[in-house]
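Right, one structure below, let's go through it.
Each chain gets a letter, A, B and so on, in the order its sequence line appears, and its residues count up from 1. Excluded from the calculations below are hydrogen atoms, water molecules and symmetry mates; all remaining heavy atoms, backbone and side chain alike, are included.
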There are 2 protein chains.
Amino acid sequence: MLESIQDDGGVTVSSEQLARRGHTTAAQVRKDLSHFGSFGKRGLGYSVDELRDRLRIILGLDQVWPVVLVGAGRIGSALFEYPDFKRRGYECVAIVDSNPEKIGRKWGELVIQPTAKLESLIKELCATLVILAVPASAAQLVAECSVNAGINGILNFAPVQLQVPDGIPVENVNLVMELEALSFQITRASKT
Amino acid sequence: MLESIQDDGGVTVSSEQLARRGHTTAAQVRKDLSHFGSFGKRGLGYSVDELRDRLRIILGLDQVWPVVLVGAGRIGSALFEYPDFKRRGYECVAIVDSNPEKIGRKWGELVIQPTAKLESLIKELCATLVILAVPASAAQLVAECSVNAGINGILNFAPVQLQVPDGIPVENVNLVMELEALSFQITRASKT
DNA sequence: ACTTTCTTGTGAAGCTTTTCACAAGCGGCT
DNA sequence: AGCCGCTTGTGAAAAGCTTCACAAGAAAGT
């Protein structure tokens, strides 16, 4: 949001304005920010540039995160091509797939590697994140292998609840569940 | 989870077992279910078949949801091919894109249509959901058009907060934000 | 029929998050 | 300098969510 305000030439922004854009309340914006420090000026609001920079640091976007993509299917390719990805500091350093037909193919500069190499690739390239874009049946095994190799976080697209040690953050994206959330709300509303 | 238990031959399941699988607590499982009714038997647990069927009805999965896919890019194609999609009752009834090169191509049985036809397609096909897999700059316009056509819910992949009337549910999937959640947690943990 | 072993459903307690409301502070205008 | 219009940061109150703990009920064995 702050970058879009920058593009529109905004220099300062109030919690009220941010709240309207983000579908929340001004008090919520201020309370949330206050957990990390004090970024605004009374009577004036927040400096867009400064707040953006401070939030980038809080989110860890002031560094490059080497990412290994596991699964060279359609979801994998969608992510690989997604431009915002690299712009935010996430750099795909390796691609892995189990399908022998895909191994050896090139995506951009990268050659698709066999799953057997996952662990050594993570170690050699010091990858911090893996993206799991594999079928549900393979996900748990890939997760364990990544954890053994010392991965720091997992983005999981497989529709299973991964079992990983405490302290390794996992974010799940379950596309069917998002649709189910919609059909649930619509069904509810129509029963009023 | 219940379907996976069915496949493993499970007949009944306790809140404790469900909690372990889902990384939550038995009390949470029971409290959540209690909001929709009383599905279990004391001393025995829940009938897997019955609970699955009841939840399917609650989530609105006992009917077919006609979906229009807007944006025939990589994310769109990943969704279109995703098999779980149709299995859960979401049926893609039309594909729309703004790129003249793509219009007229066939994906399976469906011909890609121009964006201008979106409104009439939604009306004619009685589509209840749209999936927005378009660039951020186009998303708001497509959303408004869909709302005008009487859409019931929106699944939005564009990294913008859509402004739609109250009562139209919107679910957002923001891939970069998921990665940011991971790098934030890793950054935090390393500062302890 | 009685006891034992489970497990649900649910008030009450405890905890977390959100909202309220206002003192304190900044900038511009007279 | 003094006043006025805004807006932050934050304790305190309100609302919401999770956990606890237990009565009530179900099945199976004696």
Calculate the interatomic distance between [X] atom [atom1] and [N] atom [atom2]; express it in whole Å.
| X | N | atom1 | atom2 | answer |
| --- | --- | --- | --- | --- |
| B/F36 | C/dT8 | CZ | C1' | 18 Å |
| A/D32 | C/dT19 | CG | C1' | 12 Å |
| B/L44 | C/dT5 | CG | C1' | 12 Å |
| A/Q28 | C/dT18 | CD | C1' | 6 Å |
| A/K41 | C/dG25 | NZ | C1' | 12 Å |
| A/R30 | C/dA23 | CZ | C1' | 13 Å |

Just checking, is any N or O donor in the side chain of A/Q17 or A/S14 under 3.5 Å from an acceptor N or O on the other one?
->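 A donor-acceptor contact under 3.5 Å links the two side chains.
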Is there a donor-acceptor contact under 3.5 Å linking the side chains of B/N148 and B/E144?
->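 No pair is found: no donor N or O on one side chain lies under 3.5 Å from an acceptor on the other.
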Salt bridge present between A/D84 and A/R87 (N-O < 4.0 angstrom) | yes
Do A/R88 and A/E3 meet the salt-bridge criterion of a basic N to acidic O distance under 4.0 Å?
->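 A/R88 and A/E3: salt-bridged.
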Which residue, B/A27 or A/G45, contacts DNA chain D at a nucleotide closer to its 5' end, judged by nearest heavy atom?
-> A/G45
I'd like to know if the side chain of [X] reaches the main chain of [Y], judged simply by a donor and an acceptor atom lying under 3.5 Å from each other, with no hydrogens or angles considered.
| X | Y | result |
| --- | --- | --- |
| A/D97 | A/N99 | yes |
| A/R56 | A/L61 | yes |
| B/W65 | A/L179 | no |
| A/Q163 | A/Q140 | no |

Which nucleotide span of DNA chain D, 5' end to 3' end, has atoms closer than 4.0 Å to non-hydrogen atoms of chain A?
->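 On DNA chain D, the outermost contacted nucleotides are D/dC6 to D/dA12.
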Mind telling me whether A/F80 and A/W107 have parallel, tilted or perpendicular rings, with 30° and 60° as the class edges?
-> tilted
Kindly point out which of C/dG11, C/dT8, C/dT19 is positioned nearest to the side chain of B/K31?
->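 Taking heavy atoms from C-beta onward, the closest nucleotide is C/dG11.
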Residues touching DNA chain C, which here means a heavy atom under 4.0 Å, drawn from residues 4-25 of chain B | B/S14, B/S15
Which residue, B/L33 or A/G43, contacts DNA chain C at a nucleotide closer to its 5' end, judged by nearest heavy atom?
-> B/L33
